[in-house]
Amino acid sequence: MDRLKTVAAINDLSGSSRCSLTVAMPVIAAMGMQCCVLPTAILSNHTGYDNYFFEDYTDNMQKFADNWQKQKLHFDCIYSGFLGSDKQIEIVERFISDFRSDDTKIVIDPVMGDNGRIYTTYTEKMCSKMKQLASHADVITPNITEACTLADMDYPGEFIDEVFADTLAEKISSMGARAVIITGIKNGDSISNYVYSGGRGQMYTSLITPKYYTGTGDLFSSVLCGLVTKDRDVFEAVEFTTRYVHKVTEYSLAMNMHENEGVCFEKFMRELTEV
Ligand code: PXL
């Protein structure tokens, strides 16, 4: 019988309001893998709400890693998401060098900004450290804002054509990332993800859901992370994930969910168990 695969998910834990680890954990479990979690911060709920409790977890992260080394844990995938300081990015880089083996996939969601703006908490030093972290990625999933920052290119807006997407992805790939997926390319009533891998590029498109749910990006990167860890071809993985996320956002809209509640993926777990 095949050994059960294990993913190390490094991200924040927001107790309510589906995002980051509360999306990654059930998604990866549904796909038949163990999800070990290394929290970067603990929050009562995500920061899109007016009020939230927040505790930074930087000082404990290396202690998690040290204990996992003593247990000799083996990870088939290391998956990082929101990182709150340059120190956290350094810890993740060290984690990769300590735990990466020949068969470990590195999936990096470089959460840095959106809509042409880098988050105010994201310093120049963090941007340059993220470029370094990105160089280790087997798969990286920047949106247009993040891709332009990683590639040192001007942000052109939320629509880019295939030629621009290819230039951006090629540049990030030349820095070391193997497969680059530029997410959330908006064009009228459609939204696309551009995959670049092995010198080839392909756009995958779905209809846009006219409401933006927090954590949609986390659902996208978690499903993709699961498929990549299962050794699925990255083009097929993005095609599946694009369709899956669209189905879940449309359902969330039909259920009249509030944007802050995140995407209601619970009813769609069965599809993940079958991939
Ligand atoms: O990816 C969404 C997300 C994750 N984690 C935290 C957030 C948000 C979005 O606001 O605040 C803490």
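Whatever order the structure lists ligands and atoms in, that order sets their numbers, starting from 1.
- Aromatic ring pairs are classed by plane angle as parallel below 30°, tilted from 30° to 60° and perpendicular above 60°; the pair F240 and Y244 is parallel.
- Heavy atoms from other residues, nucleotides or ligands lying under 6.0 Å from NZ of K186 number more than 12.
- In this structure, R200 forms a cation-pi arrangement with F235, its terminal cationic atom sitting closer than 6.0 Å to the ring centre and no more than 45° off the ring axis.
- Screening T241, V248, T242 for a side-chain contact (heavy atoms from CB on, under 4.5 Å) with V245, the sole residue that qualifies is T241.
- When atom types are taken as modelled, the side chain of S173 and the backbone of A169 share no donor-acceptor pair closer than 3.5 angstrom.
- For the residue pair T205 and S190, the shortest heavy atom distance occurs at CG2-CB, 3.6 Å.
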Would you mind listing each N/O atom of ligand 1 next to any protein N/O under 3.5 Å, plus the distance?
unit_1, atom_1, unit_2, atom_2, d
ligand 1, 1 (O), D218, OD2, 2.8
ligand 1, 5 (N), D12, OD1, 3.2
ligand 1, 5 (N), D12, OD2, 2.8
ligand 1, 11 (O), T47, N, 2.9
ligand 1, 11 (O), T47, OG1, 2.6

